[in-house]
**Student:** 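Sharing a structure, written as structure tokens. Questions coming.
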Amino acid sequence: MSNIIKNVYRCDEMLEDIYQIDDGIEFVKGSATRTDEGYIKGVAPVAKIGILRYRLPNGDIRRELVNADTLFNSDSMKTLEMKPFTNLHPKEVLLDNRTVKRRKIGTTGETVKQDGEHLMVSYVIMDKDAVDSIDLGRKQLSPGYRCDLLLESGNLDGEDYDAIQKRRRYNHVALCDNARGGSSLQINIDHCDGFESDENFTYNSLTTKKEKIMPKINIDGIDYEASQEVINSHKKLATKVTSLQGKIDAHTDGVSSVTAERDNLQTKVDGYEKEMPGKIRDGIKNRIRLERLAEVVLDSKDLDKLDSLENIDLKKKIIVASYPDSTIKLDDRDEAYLDVRIDGVLDGLTEKKKEAVNSQRQISAKKFDENKRDEKDETKSRNDMIDSLEEGWKTDLDDLYSKKKK
């Protein structure tokens, strides 16, 4: 079984919790200058001798040795010439002629050389967003490349390793925030000619001077210059205003709902107020009707309890008393059923009721004739006649009640 793994992709950016080989100690090599066009160019270290740590898919750590034979191999160094610079490593992993256009921010040059333990390369970065990233602190460098791995363990200066990298072939160099090879692999900002890392400075290519500019904030479609502190404060206030407006809108909706519910209830109350007098009159008439009927069909014992009975209970007693020879079960019957049965009870009294009504009509008509010449009492007489006709059936029940007592 071979102990060589061929064509492994490597990028020397720290994307996981694996410590750097120099423990973050920064020592700067190379230089950088800014051109009239606003580009950044110079020479910077992109790799160094040492042991790099990579996390494997199973979670284990593989320690890979990059020795001088691999790093400074002339064929390998030649593959670093004129390669694309990127802002972070590309999602495509390796660039080609289909992807380089949208990822390239600059390029390496033709100078690739050894400087002690470091591999140095010339470069130029042209993209404005990338230059801004450098101004804001993204200045470490990480090469993307393919290599072969010799699975051979050993020790370098007291530190163990598990494999040795061979035949590096470079594809690109990326700006990154945390180089796997250590913080010494970076653009030397400190030595840039007239190059200040103030995010509020911009380079004016027409005057070749730096000009202080203010950041901008857009309010109602208009851009205003202001200090970053003012902009931050405005954004916080705007967020609070939005939050408060949301609460106000929610409360407004709630008030509208309550108001609508109140108006609905008021409409119902108004309807009840209009209907109530009629319902009260109907209720009284119905109660009187039941009590008159009860006086005809109930015995004195039940009549003594008349005032304590609800309409439904009184109806049941009237029905049971009217049909003494039948077995009637009314416990689960509703009022609609009981009303029909009450009408049946009244139908049994129809003939006697007619006699009483006719008699009452004759009496009312006689009274009307006697009073019709008296113009002042004409209206009263007419109303008396109508009342007599409407109340005639009660007299019938009174007669029946009187006869029952005799």
**Student:** Rounded to the nearest 0.5 Å, how far does CZ of R180 lie from CD1 of I51?
**Tutor:** 14.0 Å

**Student:** Does anything in residues 127-156 pair up under ring pair (Phe, Tyr, Trp, His ring centres under 6.0 Å), and if so which pairs, sequence neighbours excluded?
**Tutor:** Y145-Y170

**Student:** Donor-acceptor pairs under 3.5 angstrom involving side-chain atoms of residues 235-248: please list them, not counting sequence neighbours.
**Tutor:**
unit_1, atom_1, unit_2, atom_2, d
T239, OG1, K235, O, 2.9
T242, OG1, A238, O, 2.9
Q245, NE2, D249, OD1, 2.9

**Student:** Any donor-acceptor pair under 3.5 Å linking the side chain of T99 with the backbone of D96?
**Tutor:** yes

**Student:** Does E152 have any salt bridge (charged side-chain N to carboxylate O under 4.0 Å, His left out) partners at least two apart in sequence or in another chain, and if so, which?
**Tutor:** none

**Student:** How long is the span from the CG atom in D129 to the CD1 atom in I134, to the nearest 0.5 Å?
**Tutor:** 11.5 Å

**Student:** Using a 3.5 Å distance criterion without hydrogens, assess whether the side chain of T108 forms a donor-acceptor pair with backbone atoms of K83.
**Tutor:** yes

**Student:** Look up atom OG in S322 and atom CG in L298, then write down how far apart they are to the nearest 0.5 Å.
**Tutor:** 7.5 Å

**Student:** To the nearest 0.5 Å, tell me how far N311 CG sits from L290 CG.
**Tutor:** 5.5 Å

**Student:** Is there a side-chain contact between K78 and V112, using heavy atoms and a 4.5 Å cut-off?
**Tutor:** no

**Student:** Tell me every residue that passes ring-ring contact (aromatic ring centres under 6.0 Å, His included) with F85, counting only those two or more places apart in sequence or in another chain.
**Tutor:** Y123

**Student:** For the CD1 atom of I49 and the CD atom of E117, what is their distance to the nearest 0.5 Å?
**Tutor:** 5.0 Å

**Student:** Report yes if some heavy atom in the side chain of N87 is under 4.5 Å from a heavy atom in the side chain of D127; otherwise report no.
**Tutor:** no

**Student:** If you round to the nearest 0.5 Å, how far is CD1 of I187 from CG of L175?
**Tutor:** 5.0 Å

**Student:** Is there a donor in the side chain of R169 and an acceptor in the side chain of N7, or the other way round, less than 3.5 Å apart?
**Tutor:** yes

**Student:** Holding to salt bridge (charged side-chain N to carboxylate O under 4.0 Å, His left out), I want the full list of residues that pass it with K315, two or more places apart in sequence or in another chain.
**Tutor:** E335, D339

**Student:** Assess, by modelled atom type and distance only, whether the side chains of N171 and R146 contain a donor and an acceptor separated by less than 3.5 Å.
**Tutor:** no

**Student:** Quick one: does S122's side chain have a donor or acceptor within less than 3.5 Å of a partner on T111's backbone?
**Tutor:** yes

**Student:** Please say whether more than 12 non-hydrogen atoms of neighbouring residues, nucleotides or ligands are located less than 6.0 Å from CZ in R102.
**Tutor:** yes

**Student:** Please set out all donor-acceptor pairs under 3.5 angstrom arising from side-chain atoms of residues 56-66, sequence neighbours excluded.
**Tutor:**
unit_1, atom_1, unit_2, atom_2, d
N58, OD1, D60, N, 2.9
N58, ND2, D60, OD2, 3.1
R63, NE, D162, OD2, 3.1
R63, NH2, D162, OD1, 2.9
E64, OE1, R10, NE, 3.1
E64, OE1, Q165, NE2, 3.0
E64, OE2, R10, NE, 3.3
E64, OE2, R10, NH2, 2.5

**Student:** With a 4.0 Å cut-off on N to O distance, would you call D132 and K128 a salt bridge?
**Tutor:** yes

